[in-house]
Amino acid sequence: MSNQNTIPASVAMLRVLEAWGVKHVYGYPGGSFNSTMAALDAEKERLKYVQIRHEQVGAIAASADAKLTGKIAVTFGSAGPGATNLLTGLYDAREDHAPVLALIGQVPSTNMNYNYFQEFAENPMFEDVAVYNRLVMTPQSLPYVVDKAIREAYKHSGVAVVVIPNDFGYVQIADEPYTSTSPSDTKKQPLPSTTDEEADHVLEMLKAAKRPVIHVGRGIGAGGEKLVELSKKLQIPIVTTGLAKGLVRDDYEGNLGFANRAAMKAAQEVFGVADLVIALGADFPFANLVYRTHPFKFVQVDIDRAQFGRHHYLDYGIWSDATDFVEKLLARSEAVEPTPFFKAAVADNKNWREYLDKMTNRETDPLEFEPIYKEINRIAEPDAIFSIDVGDNIINSFRYLDITPKNKWTISSLFATMGYGLPGAIAGKLSYPDRQVFNISGDGAFSMVMQDLITEKKYQLPVINIITSNTTLNFIKSEQDDINMVQHSGIDIEDQDFAMIAKAMGIESVTVRKSSELAAAFDQALTVTKAGRPFLIDAKITAKRGLPVEELEMKLEDGKLTESISANYNANHTLPKADSVEEFFAAYNGEELKPLTHFFNEAGVEL
């Protein structure tokens, strides 16, 4: 007879998580998950169980956790509705390439295939979302399968799913080291690099171009300053994807910002006339709206060759790390004399940034959204973490929120999951307890998950929650503005007193209705959170639309540039009429804004 020690299979499984560096797991108990709940209690000194109030919140929090840390994050749900509730958060992780492990409860193996309560075939449901999707077949294999799942989630930067029959977790199995972790797991993966020949080819293409633009994504990583150096040296303006915000500093004059829905004016205009686009580590889901407006030469630089041609036919593809490409061009290029095109782009950008600054510093009563960002920027610490919910706050945060490489921030970028802000903030504070954390949410998105405000209270997570409340699904309202509908449909939502709701949960809060009340509210938020408690600001703002510069259209014909407004703009005739670009700007308090033609003429750009 063997004298080998034994432990419950569920405990062995949790020790695998601990060996991989997991510090906390998100979930909500259910009868089919009780063996793991018992193990979580046994391991509570080494692994923190975070009780959320809805499985969707747990899955979104795990997704945000993985995005913020780059490490495996874990969520769970019980059989049936607990499992189905996880799907939204898991799809968010899949789309944004976040390594997440989902543990799924299943009825005891002795009751499977008997049409037992809450029993259903769970694996097929997760087949599309998961890179690894397994039903545990024996108690002894449970820790092994979970270890394998984590490896697959890391390998594919995606979701791994393990379904666990409840009775298996109670079974005593050998107390052995089931994890496969090793020092090699911390090694950086070798990245492809740019050859001299590839760099020289791109430099020749740049010499032939009149209006080159670099479209940079988050693949630039820590290479933002190198890219700024290249932009200056070769006189190439930079347009960024949303996820690259903060990687290239906003105060660089050649950083024009974003194109499309969350656009900056200069970026939208200059991209609209580019004759050479270098897509640098960029995954741009709106490419069909922006890349197809006019013909241009297209160079794509990416570490994943499968991405080549995904958004635009390829004139030249380079399988390379983005920063390595930049460094290679810097090493093999000669400085270019200042060009009229670059000067015009910089002047256009300066004009736009001055407009943003004006809008931020205006006194408004009733409250508008821009001054809120002035206060966030005022009290935010240099390494603050921002969790930004889906809707207008993405546009407004991209335009008005100060973010640098010292910050961390997270959004639901590709799946666009409403209700992301609160779970993301919970994840941020749990993984970075010593850093200041903001949740920026609209009333529509916050309403989907606001029950988990109590989770901040339970775990004393000093998050600053800012709810921009305008009783409107304003992001969708703006889309309906530009559709020939009889009237807006389904976008009005009932007002709520979020400050009172927060107080009922034991969370301090305040309501603000005009810009003069903001400073005191944010000072109070700072005091309360520094004392270790969460705080909520219910900012009652107007439902105005921010200047939709994505509606600007450029047309080059016979050496002449014409700038106009899209024919789709204000198709349902609910906005002020604008027959010219100047009237369009003025309708959004932008009387000082000039069209790109002005800056081209001023700089002497030859088309």
Side-chain angles (χ1 to χ4, degrees), residues 355-380 386-397 399-402 418-419 421-422 425 438-450 453 456 462-478 488 491-529 533-547 574-576 587-589:
Y355 165 75
L356 295 184
D357 188 62
K358 181 192 80 170
M359 298 300 288
T360 304
N361 287 288
R362 290 192 317 154
E363 290 284 325
T364 62
D365 180 10
L367 182 63
E368 296 179 350
F369 60 81
E370 296 96 341
I372 294 171
Y373 286 88
K374 176 183 178 180
E375 294 302 318
I376 296 173
N377 294 333
R378 176 177 68 85
I379 71 164
F386 302 99
S387 181
I388 303 167
D389 220 317
V390 168
D392 270 4
N393 279 313
I394 288 183
I395 300 174
N396 299 334
S397 294
R399 289 180 175 179
Y400 294 98
L401 187 61
D402 291 343
M418 288 184 70
L422 177 61
F438 291 82
N439 160 32
I440 305 173
S441 299
D443 47 353
F446 183 68
S447 298
M448 292 185 170
V449 296
M450 65 184 182
L453 196 61
E456 292 182 2
V463 171
I464 298 175
N465 299 278
I466 301 153
I467 315 305
T468 53
S469 178
N470 57 14
T471 68
T472 308
L473 298 176
N474 221 43
F475 193 90
I476 307 304
K477 177 179 178 290
S478 297
H488 293 115
I491 48 86
D492 297 318
I493 57 178
E494 193 69 16
D495 194 16
Q496 300 179 71
D497 190 335
F498 293 109
M500 186 64 73
I501 292 168
K503 286 173 183 173
M505 294 185 184
I507 293 174
E508 294 157 271
S509 59
V510 66
T511 299
V512 293
R513 299 183 182 277
K514 51 188 178 181
S515 58
S516 60
E517 299 170 345
L518 284 171
F522 276 83
D523 287 344
Q524 186 180 356
L526 204 55
T527 299
V528 170
T529 51
R533 303 187 301 276
F535 192 80
L536 182 141
I537 297 173
D538 185 4
K540 301 296 188 184
I541 63 170
T542 68
K544 78 168 189 177
R545 183 178 183 178
L547 175 49
T574 57
L575 300 171
Y588 296 89
N589 304 106

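- Lys477 and Ile491 get closest at one heavy-atom pair: N-CG2, 4.0 Å.
- Interatomic distance, CD of Glu370 versus CG of Leu356, reported as 9.0 Å (0.5 Å rounding).
- Every residue meeting the side chain to side chain contact (heavy atoms under 4.5 Å, CB included) condition with Ser515, not counting sequence neighbours, appears here in chain and number order: Glu363, Thr364, Leu367, Pro371, Leu518.
- The shortest non-hydrogen separation linking Asn393 to Gly442 is ND2-N, 3.1 Å.
- At least one donor-acceptor pair under 3.5 Å links the side chain of Asn377 to the backbone N or O of Asp402.
- Listed by chain and number, the residues in a side-chain hydrogen bond (donor to acceptor under 3.5 Å, both in side chains) with Ser447 are Gln496 (sequence neighbours excluded).
- Side chains of Thr468 and Asp392: no donor on one and acceptor on the other come within 3.5 Å.
- Checked by atom type and distance alone, the side chain of Asp538 pairs as donor or acceptor with a backbone atom of Phe498 at under 3.5 Å.
- Evaluation of the salt bridge (Lys or Arg N to Asp or Glu O under 4.0 Å) test over residues 499-508, restricted to residues two or more places apart or in two chains, returns Glu508-Arg533.
- Smallest separation of non-hydrogen atoms from Asp389 and Gly419: OD1-N, 2.9 Å.
- Looking at Asn474, its side chain does come within 3.5 Å of a backbone N or O of Ala543 through a donor-acceptor pair.
- Ala519 pairs by the side chain to side chain contact (heavy atoms under 4.5 Å, CB included) definition with Glu375, Arg378, not counting sequence neighbours.
- Of all non-hydrogen atoms in Pro534 and Val528, the two that sit nearest each other are O-CG1, 3.7 Å.
- Contact of the Tyr588 side chain with the Met359 side chain is not registered, since no non-hydrogen atoms from C-beta on lie closer than 4.5 Å.
- Counting all heavy atoms, side chain and backbone alike, Met418 lies closest to Leu473 at CE-CD2, 4.2 Å.
- For Ala504, the side chain to side chain contact (heavy atoms under 4.5 Å, CB included) criterion is met by no residue, not counting sequence neighbours.
- Here CD1 of Ile541 is found 5.5 Å from CD1 of Ile372. Values are rounded to the nearest 0.5 Å.
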Item to check | Test log, rule side chain to side chain contact (heavy atoms under 4.5 Å, CB included), inputs Arg362 and Asn589 | outcome: CA-CA 11 Å; Arg362 290 192 317 154; Asn589 304 106; 3.8 Å; yes

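- Taken from OG in Ser387 to CG in Asn465, the straight-line distance is 9.5 Å, to the nearest 0.5 Å.
- The shortest heavy-atom contact between Ala502 and Leu453 is CB-CD2, 3.8 Å.
- Inspection of the Glu456 and Asn439 side chains reveals no N or O donor paired with an N or O acceptor under 3.5 Å.
- Not a single donor-acceptor pair under 3.5 Å links the side chain of Asp492 to the backbone N or O of Thr472.
- Judged purely by atom type and a 3.5 angstrom limit, Asp443 has no side-chain atom pairing as donor or acceptor with the backbone of Glu494.
- Looking at heavy atoms from C-beta onward, Asn396 lies out of side-chain contact with Ile440 at the 4.5 angstrom threshold.
- The side-chain hydrogen bond (donor to acceptor under 3.5 Å, both in side chains) search around Asp357 returns Asn361, not counting sequence neighbours.
- For Arg545, the side-chain hydrogen bond (donor to acceptor under 3.5 Å, both in side chains) partners are Asp481, Asp482, not counting sequence neighbours.
- Judged as a ring pair (Phe, Tyr, Trp, His ring centres under 6.0 Å), and not counting sequence neighbours, Phe475 has no contacts.
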Item to check | Check against salt bridge (charged side-chain N to carboxylate O under 4.0 Å, His left out), Glu517 and Lys540 | outcome: CA-CA 11 Å; Glu517 299 170 345; Lys540 301 296 188 184; over 6 Å; no

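- Panel note: side chain Ser509, backbone Leu536; no donor-acceptor pair is recorded below 3.5 Å.
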Checklist entry - After noting the C-alpha distance and the side-chain angles of Leu401 and Ile388, does the key distance pass the side chain to side chain contact (heavy atoms under 4.5 Å, CB included) rule? => result CA-CA 10 Å; Leu401 187 61; Ile388 303 167; 4.0 Å; yes

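- With hydrogens and angles ignored, the 3.5 Å screen pairs a side-chain donor or acceptor of Thr529 with a backbone N or O of Leu526.
- The closest side-chain heavy-atom distance from Met448 to Val390 is not below 4.5 Å.
- Every residue two or more places apart in sequence or in another chain that forms a ring pair (Phe, Tyr, Trp, His ring centres under 6.0 Å) with Phe386 is listed here: Phe438.
- To the nearest 0.5 Å, atom CE of residue Met505 and atom CD1 of residue Ile501 are 7.0 Å apart.
- Ser469 has its side chain within reach of Asp495: a pair of non-hydrogen atoms, C-beta onward, lies under 4.5 Å apart.
- For Phe369, there are no ring pair (Phe, Tyr, Trp, His ring centres under 6.0 Å) partners two or more places apart in sequence or in a different chain.
- Evaluation of the ring pair (Phe, Tyr, Trp, His ring centres under 6.0 Å) rule for Tyr373 yields no partner, not counting sequence neighbours.
- Rounded to the nearest 0.5 angstrom, Thr527 OG1 and Phe522 CZ are separated by 13.0 Å.
- Every residue meeting the side chain to side chain contact (heavy atoms under 4.5 Å, CB included) condition with Ala521, not counting sequence neighbours, appears here in chain and number order: Val510, Val512, Ile537.
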